[in-house]
Amino acid sequence: MKKAAVLCLCLAAAAAAEGQYRGRLMTVKDILGGLPQKDRTEFMSGMRLINGRVASMNYATLKKRGFSGAKTDSILKAFESSAADAESFVPAGGKTLSDMREVMRGVPPAAAADFLDSLTLLDGGFVSARTALLERSVPPSKYGEILKVVMPLARSGPALLRNASCEAAAEEDGGPVQRGCSYNEGYTCNQALCR
Amino acid sequence: MNRHGGILCPVLCALLAAGCAGGQRRITRAAACVDDAKQRRDNPAISACAGGLRGADLSAESLRGYPDGAVDSLFRLLRSASFYSPDDESLALKVRTVFEEKARRGRAGPEDAAKTISGLVAARLFSEASSLKGRFPDAEAVDIPAVIGAGKTAGQWQVFDISADGGRADALTLPLGTGPKVVIVVLPGCGSVVSAIAGVKRSPGLAETLRANTVVITRSFDPAAVRADKALFAPIPVYVARKSGDFPGFDLTFSPRFYFLLDGKVLYDFKGWSDDNGEVSLGKIRKGLKLIGLGGKDPA
């Protein structure tokens, strides 16, 4: 049954994250706001990531909470990347598939919840996160491992920026999104994806 | 013990304990205030929260009397206040004072030292920052040039020009008060800045106009990052603002941000870079150039 609730989004074939989510900056807490904290952490832990982008999600938690099909689809869509976005990012360490539950194992629940809730998505990539509590709560090697999986570095070009977050705002007249970086204490920004 | 001493001693002890408890209460209140302001992303309020503390709350005697948790909390809240008010030398020095108490207790890690040093550098207290860096070599902190120009103590448009080898930071005043000028504010390493400069370079007319009239400013005193930005923007010069207050009316906390000035007055500005391959942003640059009398050179 659980298997049936696993939705695989093969990156190469993923539908483009068009329309309502394209260019929008959203935190996990914004997307999963209808779920209690524990369920948000559970949903995020069920993810698998390829190069910092969501490759598959387990939507059993959404079903358990009685979310409608349309609402479930809308949430899942918010985490999708377009094939072009995925292909345009070349990570320094080559392609990797990572299980979020494994990566977050051993992280104190409060720190895990704070970090996962703050993860900010832009076109299916995690562009920034609140990392201060996580950094204080785990050894430096574990902290580095988590960041490497969730916000991998590009092979060349900008890297992680500490005490900064990714910003994006839509034009008032419905024009394109303006992106930039803002000084923000305790946040980490992946400059390879925030551009 | 005489009669007065017998009364005074308990009274004094009680007063000291009450003072200490009052200090802890103010720390708790200030920490909650900072957390609340952070949630609301009200950056000016974050620094104001530290104003609820009294001078005596940070005296050596008071600090020694606080439990570890209160000292940690005090360090975090002052560090946040200093981060969002980087010009404030007194806040950066208060962070150092609390850091020294943490160090005295053997509870200061390299990360705490790094944060303290970065606050001192942001407040441009270079000798204090160098001295702490010497004592805590494991702290991840920027390299501080051996020679740093003193410059003026006050006045507009003051910057540091960091040499290619990072060994010198010369103080100078930019001539932004006359004629048409463009100022691009950046945060070193910002991916959107990379997109912006690529967009400008794709527009030969714009690139040419900007080259002659533009300076890039960053608030971040980081010689290695400035070197990278100099390579990215060349031949447009890159400077480090002495303090945010030297650029009144400018927001040095968002990157990229474009300002178009005529005779020192900002006539137009915009922030960010558009995700339509920069087309809208390039249009805004053209608009800004036109407003300051530099339009018309772009064939596009």
Side-chain angles (χ1 to χ4, degrees), chain A residues 22-25 27 29 85 88-89 114 117-118 122-123 125 127-128 130-133 135-137 139-140 143 151 153-154 156-195, chain B residues 34 38-39 41 43 46 72 76 79-84 86 109-112 114-115 118-119 122 140 185-196 198-199 218-220 222 225 228-229 232 244 251-258 270-281 283-284:
Chain A
R22 181 82 206 162
R24 269 182 63 187
L25 210 57
T27 66
K29 195 175 179 183
D85 283 334
S88 69
F89 176 66
D114 185 67
D117 264 358
S118 76
L122 182 65
D123 302 336
V127 289
S128 54
R130 191 167 53 232
T131 49
L133 182 59
E135 191 175 9
R136 284 203 302 273
S137 307
Y143 175 67
M151 294 198 278
L153 298 176
S156 62
L160 294 180
L161 198 53
R162 296 180 74 175
N163 289 320
S165 57
C166 186
E167 306 290 333
E171 290 268 274
E172 278 175 18
D173 57 2
V177 172
Q178 314 290 310
R179 290 182 190 162
C181 321
S182 184
Y183 283 93
N184 209 349
E185 192 201 14
Y187 279 71
T188 299
C189 182
N190 185 348
Q191 295 303 325
L193 299 181
C194 179
R195 49 191 316 187
Chain B
V34 166
K38 274 187 177 175
Q39 283 288 329
R41 296 197 70 168
N43 296 348
I46 293 171
D72 291 349
R76 273 205 298 276
R79 163 65 194 157
S80 291
S82 172
F83 180 88
Y84 288 107
E111 182 67 19
D112 297 323
K115 286 177 178 171
S118 94
E140 231 181 82
V185 174
V186 303
L187 193 159
C190 176
S192 306
V193 170
V194 176
S195 300
T218 181
R219 179 64 177 76
S220 175
D222 181 343
D229 270 357
L232 180 71
S244 306
D251 174 11
L252 305 187
T253 69
F254 193 94
S255 160
R257 187 150 188 169
F258 293 76
F270 73 93
K271 66 181 193 178
W273 195 252
S274 59
D275 70 346
D276 59 346
N277 212 16
E279 284 313 310
V280 162
S281 297
K284 288 179 179 179

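Proteins get letters first, then strands, A, B, ... in listed order; numbering begins at 1 in each. Note that the coordinates shown come from a computational prediction; the quantities given were computed from them, not determined experimentally.
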Is there side-chain contact between A:Arg130 and B:Lys38, with at least one heavy-atom pair below 4.5 Å?
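Of all side-chain heavy-atom pairs linking B:Lys38 with A:Arg130, none is under 4.5 Å.
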If you look at every heavy atom in [X] and [Y], which pair is closest and at what distance?
{"X": "A:Ser182", "Y": "B:Arg41", "result": "OG-NH2, 4.4 Å"}
{"X": "B:Phe83", "Y": "A:Glu185", "result": "CE2-N, 3.3 Å"}
{"X": "A:Tyr183", "Y": "B:Leu252", "result": "CE1-O, 3.3 Å"}

Heavy-atom cut-off 4.5 Å, strictly under: side chain, backbone, both or neither for [X] against chain B?
{"X": "A:Arg162", "answer": "side chain"}
{"X": "A:Ser118", "answer": "neither"}
{"X": "A:Ala164", "answer": "side chain"}

Spacing of B:Glu111 atom CD and A:Tyr143 atom OH [to the nearest 0.5 Å]
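With rounding to 0.5 Å, CD (B:Glu111) is 8.0 Å from OH (A:Tyr143).
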CG-CG distance between B:Leu187 and A:Asn184, expressed to the nearest 0.5 angstrom:
11.0 Å
Pairing of A:Glu167 and B:Lys271 as salt bridge, 4.0 angstrom limit:
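So A:Glu167 does not pair with B:Lys271 through a salt bridge.
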Charged N-O contact under 4.0 Å between B:Lys115 and A:Glu135
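No, B:Lys115 and A:Glu135 are not salt-bridged.
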Between B:Pro188, B:Gly272, B:Ser192, who has the most heavy-atom pairs with chain A when the cutoff is under 4.5 Å?
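Most heavy-atom pairs under 4.5 Å with chain A: B:Ser192.
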Check: B:Asp275 side chain, A:Pro176 main-chain N or O, donor-acceptor pair, under 3.5 Å:
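No: the side chain of B:Asp275 does not pair with the backbone of A:Pro176.
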Could you look at B:Ser220 and say if it's the side chain, the backbone, both or neither that has a heavy atom under 4.5 Å from chain A?
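Both backbone and side chain.
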Under 4.5 Å from a heavy atom of chain A, the part of B:Arg219 involved:
both
Cys pair A:Cys181/B:Cys190: SG distance under 2.5 Å?
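Yes - the two cysteines, A:Cys181 and B:Cys190, have SG atoms within less than 2.5 Å of each other.
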Could you walk me through whether B:Ser274 and A:Gln178 pass the side-chain hydrogen bond (donor to acceptor under 3.5 Å, both in side chains) check?
CA-CA 4 Å; B:Ser274 59; A:Gln178 314 290 310; 4.8 Å; no
When you look at CD of B:Glu279, are more than 12 heavy atoms from neighbouring residues, nucleotides or ligands closer to it than 6.0 Å?
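Yes, because the 6.0 Å sphere around CD of B:Glu279 holds more than 12 heavy atoms from other groups.
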